[in-house]
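Written out below as structure tokens is the structure these notes cover.
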Amino acid sequence: MPTGSSSTRSPPCPGLVVSQMKQQGIDDLSNEKTDDGVKWKQLEHKGPYFAPLYEPLPDDVKFYYDGKPMKLNVATEEIATFYAKMLDHEYTTKEIFQNNFFYDWRKEMTSEERKKIKHLEKCDFKEMHKYFVDKNEARKALPKEEKQKLKEEADKIQEEYGYCILDGHREKIGNFKTEPPGLFRGRGDHPKMGMLKKRIMPEDVIINCSKDSQTPEPPSGHKWKEVRCDNTVTWLASWTENIQNSIKYIMLNPSSKLKGEKDWQKYEVARRLKGVVNKIRSQYRADWKSREMKKRQRSVALYFIDKLALRAGNEKEEGETADTVGCCSLRVEHIKLHPELDGQEHVVEFDFLGKDSIRYYNKVPVEKPVFKNLQLFMENKDPGDDLFDRLNTTVLNKHLQDLMDGLTAKVFRTYNASITLQEQLKALTDAEDNVAAKLLSYNRANRAVAILCNHQRATPKSFEKSMQNLQAKIDAKKEQLGEAQMELKRAKADLKAKKDVKSKAAVEKKKKLLEKIQEQLLKLNVQATDKEENKQIALGTSKLNYLDPRISVCSGAGAPMGKKTVSAQHPPAAPLISSSPAPLTALPPSPPADQLLLLPPSASRPP
DNA sequence: TAGGGGACTTGACGGTACCCAT
DNA sequence: ATGGGTACCGTCAAGTCCCCTA
């Protein structure tokens, strides 16, 4: 079973590097680190690879305004192609998108163009659109050799710009290309959708590298905005994007040692939480009855974060982004209280848009004091008012910091995700199971985590069809099964009549065949179950960001690990399985790997 | 202590490489 | 060999959280 450990990491492998370093008497990187930041000594790279310049359209591809062809200035034309390319996308039907685009487009026009082009409805991009569709088709239809050539060119660029040297190690860069210009596509109801995302020029880019290293050359005729040497940060280059005025970075690939160690640290913090979580839970339960409103709100919010793995919920600037919330920013309109619902008492119904405007909908029975507190928090408030008006993420995290060093709201998500995987694996897996059954168990455990974290996906486009295909296979197999049963019956009758060796052998043969078919049918059914259950659930995110890989490795589940390198997630000096830190439930001293999962499942989920 | 900047992680999505059944 | 299905990976938006300033 693949572990994904070889695919993305740049050679040489981390373990090797460390042993070489030790031999050479070079200190391990971790020795040079301080608590509050990276401290590298050497960073060398080639700077970002810039998005290709705009190629003007051929003369026969025309833009029409009010039915008449109109030659656009190159800059104007470029922006028009951004819109033209998106014509069959739902975005372009939205009024906000259209308005934002048109407003920004007109700003970039020449004054003559601006005088003429006054209404988007009169703009005809269809010919341009067709040009790009055709071009795309042509690219797909290219002969093999041509495609190979293109790939080689891309590989060359990757080779040249895709790696950097960090303290003597060649590391893969995550995103070495600048983002190309285009129209901003926000998620959900984004007020800025359709705005023009400008082209990044070398003059916008800050380069970060070590003083003694070779400073990357800007493209000819250009210069960098700034070259600096800041070894407390991990980015190689940065620029400010024009939509949200936020900074974008070029950073290392997750397979790099730097990222891997950070990831490892994250899970170590989660493991420390394991040790104090019971105390924290008793504490917040006690605080439900506090005389201070602030404490009550804090403790109820923390209960939600712990029990439901909600995100912290920072405040956002109104009108700048889609209206989404997390725990601390929940509003009265986002919950409904049901003293009784479907035979359960004290049910809270959540309905809000979370990160990426993904809907969170959940009906949860809560403990009575929580319910009573929520009623209190909602008294005399309007639907649009904050549920926790005395609370924000800063206040909450400050409190958490007091409870445990390094504890923040998001650690609960990591902790509860990982512990859920571990418990589910333990509960669902039987060592005797075959591979298919084990894989289903792993997926189910992974699914439990994804559901907890509300990681959703759009139903894949081909879902219905591929489900039908699978069903057809199952039907065919069932038919086969029926036939096999009949044949066995006949063979048995034959044996009864003849009682000879040959017919006995025939019966055995038919029996074997029947068993084989039964097993195949079972496997298909398992597959169908897995597929159906996974229809709208995304497993990747939790696998990548929330599940301590040591849980999967130690349990022997051998499931795909995603793009992070397992070995890179450890301080490489520690071997992965034999003596390395154990997963969450096994706090030091670490038992041997085969016992890691045998700890009591109790008390790991909130009461 | 509000407010904003900065650095970093988390997240869904779409294209592509790859795999397996036909 | 082909084509359908899927895992993987890049992309870039959207979060979290920390720090600094007024």
Side-chain angles (χ1 to χ4, degrees), chain A residues 2 4 7-8 36-38 51 89 136 139-140 147 151 154 158 162 172-180 182 184-188 190 192-193 197 206 208 230 232-235 238 240-241 243-249 251-255 258-259 262-263 265-266 311-317 320-322 324-329 353-358 392-398 400-401 406-411 413-414 417 450 453-458 460-463 465-467 469-470 473 527 531 534 536 538-546 559-564:
Chain A
S7 57
T8 48
D36 49 2
V38 237
H89 202 291
N136 213 4
R139 192 179 50 84
K140 277 186 199 153
K147 277 187 182 167
K151 192 172 180 298
Q158 163 80 38
K172 196 171 178 183
I173 300 170
N175 55 326
F176 60 89
K177 294 172 176 169
T178 62
E179 292 173 15
F184 177 76
R185 305 149 91 118
R187 308 202 180 121
H190 199 115
K192 295 191 171 184
M193 62 168 80
K197 204 172 113 172
I206 302 173
N208 192 28
D230 182 353
T232 66
V233 296
T234 68
W235 51 267
S238 72
T240 302
E241 55 87 41
I243 303 288
Q244 314 275 10
N245 232 278
S246 68
I247 309 171
K248 296 259 180 166
Y249 302 93
M251 288 185 186
L252 294 183
N253 189 277
S255 64
L258 188 93
K259 292 283 188 191
K262 270 242 155 172
D263 208 42
Q265 279 174 8
K266 173 181 77 185
R311 295 187 187 83
N314 284 315
E315 286 121 302
K316 317 205 299 178
E317 222 177 315
E320 294 290 300
T321 56
T324 62
V325 297
C327 185
C328 293
S329 50
L353 296 182
K355 181 176 177 179
D356 293 322
S357 293
I358 298 291
N392 61 42
T393 55
T394 311
V395 169
L396 178 65
N397 280 334
K398 218 165 250 163
L400 293 176
Q401 184 61 238
L407 186 62
T408 62
K410 84 197 254 293
V411 179
R413 232 168 119 82
T414 311
C453 293
N454 200 38
H455 290 144
Q456 300 188 25
R457 65 166 181 179
K461 280 185 194 121
S462 57
F463 184 86
K465 218 180 115 205
S466 82
M467 204 64 199
N469 289 348
L470 192 56
K473 269 190 191 172
Q527 253 181 48
K531 205 185 182 81
N534 224 30
Q536 294 184 66
L539 301 182
T541 303
S542 52
K543 218 178 273 182
L544 219 52
N545 297 308
Y546 289 103
M561 295 304 304
K563 67 174 168 177
K564 291 181 186 174

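So you know, we letter chains A, B, ... as the sequences are listed, proteins then strands, and number each from 1.
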Original post:
Pick the nucleotide of DNA chain C nearest each of A:M467 and A:N175; which residue has the one closer to the 5' end?
Top reply: A:M467
Original post:
Do the ring planes of A:W235 and A:Y249 sit parallel (below 30°), tilted (30 to 60°) or perpendicular (above 60°)?
Top reply: tilted
Original post:
Short question: side chain of A:N253, backbone of A:S255 - any donor-acceptor pair under 3.5 Å?
Top reply: yes
Subject >> A:K410 side chain reached by A:R311 side chain, heavy atoms, under 4.5 Å >> reply: no
**OP:** Would you mind reading off the distance between A:K177 atom NZ and C:dG10 atom P, rounded to a whole angstrom?
**Re:** 10 Å
**OP:** Nearest 0.5 Å please: distance from the CZ atom of A:R139 over to the NZ atom of A:K147.
**Re:** 8.0 Å
Subject >> With A:K140 via side chain to side chain donor-acceptor pair (under 3.5 Å) - residues at least two apart >> reply: none
Check nucleotides 2-7 of chain B for protein N or O atoms closer than 3.5 Å to its own N or O atoms and list the pairs.
from  : atom 1 : to     : atom 2 : distance (Å)
B:dA7 : OP1    : A:W235 : NE1    : 3.4
B:dA7 : OP2    : A:Y249 : OH     : 2.7
B:dA7 : O5'    : A:Y249 : OH     : 3.3

Original post:
Nearest-Å distance, CE (A:M193) to P (C:dA13)?
Top reply: 13 Å
**OP:** Let me know the distance between CG of A:D263 and P of B:dC8, rounded to the nearest Å.
**Re:** 15 Å
Original post:
A:K197 near the nucleic acid: base, sugar-phosphate alone, or nothing, with a heavy-atom cut-off under 4.0 Å?
Top reply: sugar-phosphate
Original post:
Quick one: side chain to side chain donor-acceptor pair (under 3.5 Å) partners of A:E179, sequence neighbours excluded?
Top reply: A:K197, A:K248
Subject >> Value in whole Å for how far the C1' atom of B:dT10 lies from CZ of A:R457 >> reply: 18 Å
Subject >> Full working for side chain to side chain donor-acceptor pair (under 3.5 Å) between A:S246 and A:E241 >> reply: CA-CA 6 Å; A:S246 68; A:E241 55 87 41; 3.0 Å; yes
Original post:
Out of B:dT9, C:dT6, C:dC12, which nucleotide sits closest to the side chain of A:K531?
Top reply: C:dT6
Subject >> Below 4.0 Å: OP1/OP2 of B:dG11 and any side-chain N or O of A:R413 >> reply: yes
Subject >> Sub-4.5 Å side-chain heavy-atom contact between A:N454 and A:K355 >> reply: no
**OP:** Nearest whole angstrom, please: distance from the C1' of B:dA12 to the NE2 of A:H455.
**Re:** 10 Å
What pairs of nitrogen or oxygen atoms, one from the protein and one from nucleotides 14-18 of chain C, lie under 3.5 Å apart?
from   : atom 1 : to     : atom 2 : distance (Å)
C:dA14 : OP1    : A:R187 : N      : 2.7
C:dA14 : OP1    : A:H190 : ND1    : 3.2
C:dA14 : O4'    : A:D356 : OD1    : 3.4
C:dG15 : OP1    : A:T324 : OG1    : 2.8
C:dG15 : OP1    : A:D356 : N      : 3.1
C:dG15 : OP2    : A:K316 : NZ     : 2.7
C:dT16 : OP1    : A:A312 : N      : 3.3
C:dT16 : OP1    : A:G313 : N      : 2.7
C:dT16 : OP2    : A:N314 : N      : 3.0
C:dT16 : OP2    : A:N314 : ND2    : 3.1
C:dC17 : OP1    : A:T408 : OG1    : 2.8
C:dC17 : OP1    : A:A409 : N      : 3.3
C:dC17 : OP1    : A:K410 : N      : 2.8
C:dC17 : OP2    : A:N397 : ND2    : 3.1

Would you list the protein and nucleotides 16-20 of chain B atom pairs, both N or O, that sit under 3.5 Å from each other?
from   : atom 1 : to     : atom 2 : distance (Å)
B:dT16 : OP1    : A:R139 : NH1    : 3.4

Original post:
For A:N534, what residues pass the side chain to side chain donor-acceptor pair (under 3.5 Å) criterion, not counting sequence neighbours?
Top reply: A:R447
Subject >> Inter-residue atom distance A:M193.CE - A:R185.CZ, 0.5 Å rounding >> reply: 11.5 Å
Original post:
Roughly, in whole Å, what's the span from CD in A:E241 to P in C:dT11?
Top reply: 17 Å
Original post:
Roughly how far, to the nearest 0.5 Å, is the CG atom of A:L407 from the CG atom of A:L396?
Top reply: 9.0 Å
**OP:** Assign A:K192 to base, sugar-phosphate, or nothing according to its heavy-atom contacts below 4.0 angstrom with the strands shown.
**Re:** nothing
Subject >> Separation of atom NZ in A:K248 from atom P in B:dT9, rounded to whole Å >> reply: 16 Å
Original post:
Taking atom types as modelled, is there a side-chain donor on A:T324 or A:K316 under 3.5 Å from an acceptor on the other?
Top reply: yes
